[in-house]
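Below you'll find the structure, written out as structure tokens, and then a few comments.
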Amino acid sequence: MSATGLFYAQVKDWIPLPAWARFLIELGFDASVTAAEMPDRRLVIALALPTRAYAASFCVTGVVVARSGMDDDRDQLIAHYERLSALPSGTALTYRKGNRTFPAQFVGTSTHFSGEPCLVVQTQDKKAGGMTEQVPLSRSMAVAIAEDQTRRLPKNPTGRQLQVQTEFVQRWLGGVDPLRFATKTQLDCVLVGNLRDSFAEIMQTTFGIRCGDRILKGTLQDIIRVKRFIRPGEGYRCKLIPVRDTGRPPAGDQCPLFVVFDGAQGFLRARDYWRDSNWIVLLDRTDPHFQEAADLLNAGYAMRPEGDDPAFMLNGFPRGAAILAYWEVR
Amino acid sequence: MATQITLASADRLYAASASLQLHRIPVPHRLFKAFGTARRRFLKRLGEAAGDPYWVEFCRWLSRFHFRAMVTPLPFHHPALYLVVDAARFRQHLATSEMLYPGISDEALALLNQVEQLAGTGEKPLLHGLLRLLRDLDDLTGTALVVRDSATCDPLEALLKEHGITRLELISVPQLRERPFRRLIVTGPAHWFPTHLFAAPRAPEVYLLHYDWASGRPRLEPVFAAPQPEGAQQAAPEPEAVDPEEDLFLPGSIDVNQYLHQPGAGGNVGSPAEPTELNARLFLLEDQKGLFLEADSTTLVIDAEAAGIKRVVRKAVTNVDPGMFLLVKQGGGGDYIVPIADSLLGDQAAMARATQRRWKEMLRALVTERGFPGARVRLLECGGLRPNEWNLRNWMAVSSIRPWAFEDLAAILMVAGQADQAEECWRVMGAIDTAHSRAGQLLRRQLLRQVTQTDLQRLQRNGRMEFTVDVASEVRMVALRVLKVLPGPFRVPASRLSSPFDVEERYAWLG
């Protein structure tokens with residue numbers, strides 16, 4: 001669904017999401033779609049805003065929403081299955097069944113009783129019985145490689161309930177399976193910002209979507225799925241890099257599709273780490289580093305290759321804000 | 001780091017930005033305008049001589065009076081603007097100007113007379129304008145007066161209280177980031193304030209009181225080079241005739257060089273054998289102060305936005321940002337740790353420092369005599385481990401306590417024929433090292449205690465906090481807010497580091 005129809009909680013009231021907030025979500029969405037159309041180029045978008053508050057969180061939401069539809073791709077499913085089936089035996093996995101996740105280990109492949117090829121995963125410690133399950137290809141998205149490869153299997157696999165507002169996610173993301181969405185890891189975005197502010201905006205602000213005469217409650221974390229804020233075994237879509245940690249290159253070798261810079265400082269310090277990613281830079285006009293960041297972006301704009309600049313739907317563009325958008329060659 | 005803003009507050013900020021109503025209230029004053037014109041003419045005639053030792057203090061005094069009178073609704077004779085003792089001092093000083101600067105002496109004296117005349121009137125045009133405005137406003141709830149010069153917050157608050165105004169909140173410019181207001185009142189020329197006051201206003205209504213010859217229109221330039229959506233940015237106002245006097249207060253680019261090679265407060269320009277230059281950052285602070293800090297070092301900061309013990313932390317100089325508070329020693333420059341460490345050393349302090357000075361002088365003499373390569377060879381011959389040029393420069397620096405290795409200190413003493421003193425010297429340097437370490441810990445603990453007991457809103461408003469340490473109460477320190485950081489890097493003589501110096505008023509409001 002679009003950002004229209006969203007509310008935020010204020011004490012006991014539900015307040016319609018303001019136009020500027022809807023604009024930011026839709027900008028993130030449009031940017032994601034636009035960037036996908038030009039894979040040989042990278043997109044740079046900068047906004048000068050009256051305040052940084054919630055801007056990055058909303059943009060990241062839009063990016064993730066745009067890419068959430070990738071879950072339904074059959075080719076993706078097959079590729080995912082093939083990737084898992086080629087793993088060494090004993091590889092630690094996360095296995096989702098219903099609304100619970102279980103630690104598991106890859107055993108091998110087999111043929112499901114339905115005739116489908118299947119993965120064989122072990123969910124119980126060998127000493128306690130070594131229970132295994134067959135996961136057919138059609139459900140293989142329920143299996144993911146675990147972050148922690150040293151994790152042992154439990155003797156009594158009870159699993160852990162997923163912390164996700166399934167109705168909220170389903171309503172917002174349309175046909176996406178909310179449980180699969182919550183367990184699949186797909187790095188859509190890196191967010192460079194202040195940890196405390198991001199936590200408050202993403203985890204502690206309640207949003208609502210109207211569904212008939214009810215309002216379905218959730219948080220942005222139900223959509224964005226920031227790795228730092230998830231529980232073990234859950235999937236993530238976004239990594240949050242605190243500005244204070246930008247003095248050194250980020251760990252890992254993934255190149256995120258998008259990097260959203262929440263504020264000038266993170267942009268000034270860390271932009272060189274992600275020169276192959278698309279950027280959304282959100283600048284607070286009251287920030288002491290604002291002008292320095294704006295100057296750098298203007299310099300990049302002046303050096304851009306010839307051709308049309310990207311255009312976006314600007315419904316609800318906040319009066320008093322400013323925008324810059326251009327392509328760079330990868 | 002700004003205070004966290006809720007979604008509802010953010011919405012108010014967007015609404016204010018979309019529909020700012022700016023009310024301009026010009027205030028006339030013929031005599032003050034004449035002073036401003038005369039001052040401008042005088043500075044233009046002085047030209048580069050304004051930086052001469054004879055004129056610099058007088059010019060700074062004139063500028064400070066003019067700046068504060070332009071932006072602060074205090075009477076001309078208020079002590080925050082004008083002190084009789086200062087006027088008398090300059091009158092005595094200028095008594096020799098006729099002889100030394102015959103072409104300009106009369107103008108200087110005329111300016112002094114004008115300042116005294118203004119102060120003598122006791123007039124307070126901006127204050128009258130402010131009081132009239134406050135009378136007309138129905139309710140001061142959610143209304144704040146933005147004070148350009150944080151140092152005048154306390155006297156202004158006291159003066160308003162005398163006039164029965166107690167519900168008007170006074171805030172400093174950095175506090176504008178914190179939250180939305182219902183209404184803001186600003187006194188002074190529009191472009192003597194950061195652009196964001198008008199481009200990203202914190203209230204839907206802003207009242208601007210300004211002298212009628214100064215610009216009441218903000219100069220808003222486009223942020224980005226790209227064309228903007230219709231109705232996006234606030235339109236740049238029509239250019240208007242601007243009093244050229246105001247250009248003297250436009251920030252432009254700070255000329256760092258003028259501050260690099262002055263003798264530091266309490267310090268000397270580095271001698272040839274000292275580590276002459278280090279990479280440094282320049283911090284512009286409240287109270288019209290500047291401070292060079294070595295880029296590759298750490299410093300104690302107060303971060304009023306942090307919680308608990310994180311409020312006082314030691315940070316890399318490269319991570320010190322505007323809004324944080326740096327400690328400087330009052331009444332003379334130099335390191336604030338040294339006098340605290342000396343207090344901890346007690347009776348040993350004089351002997352320990354003399355011992356330290358002696359071996360450093362021996363090293364300087366060696367380097368002066370043989371140069372760095374020759375000194376290195378000699379020290380290696382005497383058992384030194386790492387006497388490379390970089391280390392030699394560091395060891396000679398005032399800020400360095402001792403070499404890392406005993407062998408290096410022993411080699412220095414052996415070259416000077418005092419090898420038998422090496423162990424005792426090493427022990428004494430160890431005592432200094434321990435005292436410095438304890439001083440740092442003590443300072444942080446006491447600073448943290450004082451900060452947690454301080455009204456942080458007041459600290460944020462005033463931009464400064466005075467501070468003493470129990471064991472060294474004669475050492476007076478002040479924490480000053482960082483207004484701007486110039487990362488440079490600048491090559492700065494070691495003797496200039498950590499010594500605060502005065503900067504021109506026009507840089508004082510770069511925040």
Side-chain angles (χ1 to χ4, degrees), chain A residues 8-11 15 17-21 46-55 57-58 194 196-197 199-201 204-205 207 243-244 247 263 265 268-269 283-292 294-295 297-302 304 309 312 314 317-326, chain B residues 1-20 173-180 194-202 220-234 305-307 315-316 318-319 321-324 482-485 487 510-511:
Chain A
Y8 69 95
Q10 189 180 351
V11 193
I15 313 294
L17 204 64
W20 60 268
L47 285 169
L49 300 167
T51 175
R52 58 138 301 279
Y54 288 87
S57 301
F58 286 141
N194 178 273
R196 189 187 70 163
D197 290 338
F199 184 82
E201 293 168 9
Q204 295 182 320
T205 306
F207 292 86
V243 175
R244 63 161 194 255
Q265 204 171 3
L268 291 169
R269 283 191 185 178
L283 302 179
D284 182 329
R285 295 199 69 150
T286 66
D287 189 318
H289 301 287
F290 168 79
Q291 195 56 55
E292 195 182 341
D295 289 344
L297 288 157
N298 280 328
Y301 178 76
R304 71 196 191 284
D309 291 330
F312 297 98
L314 295 174
F317 186 84
R319 188 176 160 79
I323 187 169
L324 180 74
Y326 60 95
Chain B
M1 191 167 76
T3 305
Q4 197 227 323
I5 294 178
T6 65
L7 185 42
S9 294
D11 195 30
R12 287 176 61 191
L13 292 174
Y14 277 90
S17 197
S19 58
L20 170 66
V173 170
Q175 287 181 288
L176 279 170
R177 298 197 70 200
E178 288 174 3
R179 64 190 198 276
T195 313
H196 67 73
L197 179 59
F198 306 101
R202 265 36 195 162
L220 298 178
E221 300 292 335
V223 172
F224 295 130
Q228 295 300 304
E230 193 182 316
Q233 277 193 148
Q234 293 154 352
E305 296 287 349
K315 270 190 182 283
T318 49
N319 287 341
D321 284 322
M324 294 180 183
V482 177
L483 295 176
K484 189 173 176 73
V485 180
L510 282 171

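Treat the numbers as computed from the prediction; the structure is a model and nothing was measured. By convention in this document, chain letters (A, B, ...) are assigned in the order of the sequence lines, proteins followed by strands, and residues within each chain are numbered from 1.
Interface remark: A:Phe58 contributes side-chain atoms only to the contact with chain B (heavy atom separation under 4.5 Å). With a threshold of 4.5 angstrom between heavy atoms, A:Asp287 approaches chain B through its backbone and through its side chain. For B:Leu176, no part lies near chain A; criterion is any non-hydrogen pair under 4.5 Å. Neither the backbone nor the side chain of A:Ala302 comes within contact range of chain B, judged by heavy atoms closer than 4.5 Å. Proximity to chain B is limited to the side chain of A:Gln265, based on heavy atoms less than 4.5 angstrom apart. Neither the backbone nor the side chain of A:Tyr326 comes within less than 4.5 Å of any heavy atom in chain B.
For the pair A:Arg319 (side chain) and A:Phe317 (backbone), a donor-acceptor distance under 3.5 Å is absent.
Here the OH-CG distance, from A:Tyr54 to A:Leu49, works out to 15.0 Å after rounding to the nearest 0.5 Å. The CG atom of A:Asp197 sits 8.5 Å away from the CD1 atom of B:Ile5 when rounded to the nearest 0.5 Å.
Between the side chains of B:Arg177 and A:Thr286, at least one donor N or O sits under 3.5 Å from an acceptor N or O.
Note: A:Trp20 and B:Tyr14 have parallel aromatic rings, judged against thresholds of 30 and 60 degrees for the angle between ring planes.
For the set B:Ser9, B:Ala10, B:Ala316, the count of heavy-atom pairs under 4.5 angstrom toward chain A peaks at B:Ala10. Of the residues considered (A:Thr205, A:Ile15, A:Ile323), A:Ile323 shows the highest number of contacts with chain B, using heavy-atom pairs under 4.5 Å.
A cation-pi arrangement, defined by a distance under 6.0 Å to the six-membered ring centre and an angle within 45 degrees of its axis, is absent between A:Arg196 and A:Phe199.
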